[in-house]
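On a predicted model such as this, the values are computed, not experimentally measured, just so you know. Letters A, B, ... are given to chains in the order of the sequence lines, protein chains preceding strands, and every chain is numbered from 1.
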There are 2 protein chains.
Amino acid sequence: MSSQERKKSRVTLLDVARHASVSRATASLVLRKSPLVGSETRARVEQAMRDLGYVYNIGAARLRVERSQIIGAIVPNLTNPFFAELLSGIEEAIGATGKVVILANSGERVERQSMLLQRMREHGVDGVVLCPAAGTEPDLSEQLAAWGMPVVQVLRHISVDMDYVGVDYAGGMRQAVDYLASLGHEKIAFAVHGPFHSAYRERVDGFRDAMLAKAFDPEILIHLPAQLGEIADSTHLLFAKATQPTAVICFNHLVALGLAAGLHDCGLTIGRDLSLIGFDDVADAEAIRPRLTSVSTGPTAIGEMAARLLVERIANPDLPPRRVVNDTTLSVRQSCGRPA
Amino acid sequence: MSSQERKKSRVTLLDVARHASVSRATASLVLRKSPLVGSETRARVEQAMRDLGYVYNIGAARLRVERSQIIGAIVPNLTNPFFAELLSGIEEAIGATGKVVILANSGERVERQSMLLQRMREHGVDGVVLCPAAGTEPDLSEQLAAWGMPVVQVLRHISVDMDYVGVDYAGGMRQAVDYLASLGHEKIAFAVHGPFHSAYRERVDGFRDAMLAKAFDPEILIHLPAQLGEIADSTHLLFAKATQPTAVICFNHLVALGLAAGLHDCGLTIGRDLSLIGFDDVADAEAIRPRLTSVSTGPTAIGEMAARLLVERIANPDLPPRRVVNDTTLSVRQSCGRPA
DNA sequence: CTGAAAGCGCTTACAG
DNA sequence: CTGAAAGCGCTTACAG
C-alpha cells in the first residue's frame, strides 16, 4: 500500500464515534477512560475502535493539550557504559509512565548541546534530563527557565536553580581513602582524566579533603588521556611524581580498566605491587581480574530517580529546586592489599 | 512563570506574520526556506521571528504533513556495550538529518516489544530501526506492513520482506577458524550464550561450516550463562566435553570478557594454555589482557547504515526490500598461540 | 451522559 | 510573490 493510500485511510475518532453511534466527544472520553461514560456505551465504542483499527494520534491530542508525552535525555557520551546504564534507568522509569524518551548525544560539545535542546523544544518535549556537557555556562539555566522548560540535571550540575540528581562523590572518595588508610597506605594517588565539570571538581576536592583529614599528601594527582585506548600506555605517569604511590584511586570505570591493563603490561601485580580502587562500578567490573575493589555509584538508580523527579517537576513547575545526592557504597573485592 | 502563562504566551506563525506585515502563508514559506520568497521579505520575517522568540511547532506541522521527523529505535538490551555502540551510530546518523530518535529497550521480551511498537505508532514515528527480540514471530512483519510502518531490521532478522542491515557472521566464523587452523589448532570450541535468534543461528551454522570445511569436529559447542557475572564461574564447562579444546571462539564480547576472567581464575594463561578469540570487538576490548584477538563487526557503522536505509525507505516506501551484510575483519592481537 | 462548536499551530492549494 | 480559507485529529467547555 502506498503512503498516499495510507494517508487516506487513517481512521479518526470521528469515524469511531459514527461507527458506535455516539458523538466524537463521547468517543474521546472513552479514550481517556473518563468515568462519565456508561459501561455499555464504553464497550460499544471500544468495539468500534477494534473493528476499525483505530490508532490514537498523540500528536493531534497534544496540539490541544500542550503535553507531548515526550521527554528528552541528553548525555555527553553514549558509548561510555556508565551513561548507557544511566540511560537505561531513565528509559525504564519514563517508559513505565507511558511516556517516551528522545535520546541525544552531546558528545561533550556545548554548541551541539544547545542545538539539541532547541530541537527538542521544537518537538515540544515536556521536559529534559540533562547531563550537561563540560563547559556549559551556568546561564543555560536562565535560558531554560525563560523557555519554561522543565529540566533535571543529572550527575553534573551547573546551577542551583534546577533540580539535580547526583552522587555524593566526596563521600565516595572518603570511603576509598579511609579503606586504603586502614590497610596502611599513606601515599595514595588519584588518577583523573577527561574534561572539567562539577563531578570532576567534587571528586578532586573530595579526594583532597579525605587525604587532608588523614594528614596525607593530597596532591598526588595523575592526569591520564581521555581515550580508553590510550590510558594503558600512560601507566608510567603513575610513577613520574616525586612521591611514589602505593595505591591508586581511579576517577572512573574507564581509568580503572585502562590502568588494570597497563599495570599488567608493566609486569606489576595489582593488590600486591600496587593497590587499585575503581569508581562507578559498572556491570562489567565483575569481569576484571583481579576483581576490582570499587566505589559504586549506581547509575541505573540515578537515572530512574532523575526521571521520577522530572515527571514531578512537569506536573508541578512551581516546586522549589531539589537536590538528590545518592550515597556511594564501597564494594571490597581483591585489588587492594597492604603497601609493598 | 507558571505553565498557565507559558501557554498563553506562545508565539505563533500568525504573530510573526503580523509583526513582519506579511501573510501567514509567506511566513510559513520562509520557515521552510522556500525560494518563492524575496530576500528582503525573508529577512524581515526572520527578524520578526527573532524579535518575538518564535519556536517552530513541529507537532502542529506534522498534523498537516504526516511526517513527524521522529524515528524509533528498539534494542533488546541497552546496557550491553555492543548495543550502546549501535545506538550511538543510529543517533548520530538520524541526528544529522535533523530528525530525532525515540529510544526503547525491549529487554528481549516480545510482548514488551509489541507494546513499544504500538506506542511509537501512536507517536506517529516515521519509521523504526528494530533489533527484534529473540522469539519474535515472522508475522510481525505483516503486521508492520499493514500498519504502513517503515522498518529496518538490524543485526537480527525475522523476515525477508523488510530491509535488513547486519553482519556476515558466517564469514567472521570462517576468519576465526581459519586463523586458528593456521596456528595448528584442530580442536576448537565455540562458546555460546543468550537467547536464540537469527544471529545466533548464523554464528553457530557458520562455525560448523567453517569447521567442516577443515574436516574438524564441528560439535564442540559450550553453552554458558546469559549473565556476564556468571560466565567466569562457568569456565570449567569448556573442559567438560569428551574432546578437550585447545582454542575457544567466543560468541560475543561478554563471553570473551567472562572467559578471560574465568581462565585467569583457573590459573590458565590465555594464548599459551588456551587460545581465545573474541567476537564483536567493542571499544573496551583494548583493555583486556592479554589483548584479545577478535572478529570485529563494527556496531557503530551498522547503526549508521541502518539509519540511512530507514531514511531512504521512508522517502520511498515502494522500494524492494534490501539486505546489507557487512564484512567482518579479524583483529589479530595476543590471545592466540600454537596448541599446547 | 451526549452533541455541536471552537480552537490548538501549522501547510497547502487556490486565486490574485 | 501574497492573502484568505480549509483542514490535519484531537480536547474542552458549554448546553442540553
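Within the 4.0 Å cut-off from OP1 or OP2 of D:dT11, at least one side-chain nitrogen or oxygen of A:Ser28 is found. Checking the phosphate oxygens (OP1, OP2) of D:dT2, a side-chain nitrogen or oxygen of B:Thr41 falls inside 4.0 Å. Between B:Ser23 and the phosphate of D:dA4, there is no side-chain N or O to OP1/OP2 separation shorter than 4.0 Å.
Taking 4.0 Å as the cut-off between side-chain N and carboxylate O, A:Glu122 and B:Lys99 do not count as a salt-bridged pair.
With C:dG9, C:dT11, D:dT2 as the choices, the nucleotide that has an atom nearest any side-chain atom of B:Tyr56 turns out to be C:dT11. Distance from the side chain of A:Arg64 is smallest for C:dC8 among the nucleotides C:dA4, C:dC8, C:dT12. When distances run from any side-chain atom of B:Leu13 to the nucleotides C:dT2, C:dG9, C:dC10, the shortest one goes to C:dC10. Picking from C:dT2, D:dC10, D:dA4 the nucleotide with the shortest atom distance to the side chain of B:Ala25 gives D:dA4. Out of C:dT2, D:dT11, D:dC1, the shortest distance to the side chain of A:Val37 is found at C:dT2. Minimum atom distance to the side chain of A:Arg32 is reached by D:dT12, of the listed D:dT2, D:dT12, C:dG9. Checking C:dG3, D:dT11, D:dG9 against every side-chain atom of A:Arg24, the shortest atom distance belongs to D:dT11. You'll find that the side chain of A:Val22 is closest to C:dG3, out of C:dG3, D:dT12, C:dT12.
The closest side-chain heavy-atom distance from B:Val311 to B:Ile94 is below 4.5 Å. Between B:Asp15 and B:His19, every side-chain heavy-atom pair lies at or beyond the 4.5 Å cut-off.
Nucleic acid contact class of B:Arg62 (heavy atoms, under 4.0 Å, all strands): none. Heavy atoms of B:Ala61 sit under 4.0 angstrom from primed sugar atoms or phosphate atoms, though from no base atom.
Mapped onto DNA chain D by nearest heavy atom, B:Ala60 and B:Leu29 fall at different nucleotides, with B:Leu29 at the one closer to the 5' end.
Between B:Asp163 and the options B:Arg313, B:Arg323, B:His157, a side chain to side chain donor-acceptor pair (under 3.5 Å) holds for only B:Arg313.
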Going through the checks in order, is the salt bridge (charged side-chain N to carboxylate O under 4.0 Å, His left out) test met by B:Arg308 and B:Glu92?
-> CA-CA 10 Å; B:Arg308 207 156 15 238; B:Glu92 172 75 32; over 6 Å; no
How far apart are the C-alpha atoms of B:Asp139 and B:Ser141, what are their side-chain angles, what is the distance that settles it, and do they pass the side chain to side chain donor-acceptor pair (under 3.5 Å) test?
-> CA-CA 5 Å; B:Asp139 60 10; B:Ser141 143; over 6 Å; no
Starting from the C-alpha separation in whole Å, work towards a yes-or-no answer on side chain to side chain donor-acceptor pair (under 3.5 Å) for B:Arg44 and B:Gln47.
-> CA-CA 5 Å; B:Arg44 213 168 64 237; B:Gln47 187 58 50; over 6 Å; no
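At whole-Å resolution of the value, CD in A:Glu66 and C1' in D:dT12 are 14 Å apart. At whole-Å resolution of the value, CG in B:Leu63 and C1' in D:dT11 are 13 Å apart. In this structure, B:Leu14 atom CG and C:dC10 atom P are separated by 9 Å, rounded to whole Å. Between A:Ile58 atom CD1 and C:dC8 atom C1' the separation is 16 Å, expressed in whole Å. Here the P atom of nucleotide C:dT11 and the CD atom of B:Gln69 are 11 Å apart, to the nearest Å. Put simply, CZ on A:Arg42 is 10 Å from P on C:dT2, counting in whole angstrom units. The separation between B:Arg18 atom CZ and D:dT2 atom C1' is 16 Å, rounded to whole Å. For A:Leu31 and D:dG9, the CG to P distance is 14 Å, given to the nearest whole Å.
In terms of modelled atom types and a separation under 3.5 Å, the side chain of B:Arg112 and the main chain of B:Asn105 share a donor-acceptor contact.
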How does DNA chain D read in dot-bracket, base by base from 5' to 3', with Watson-Crick or G-U pairs under 3.5 Å and | used when the partner is on another strand?
-> |||.||||||||.|||
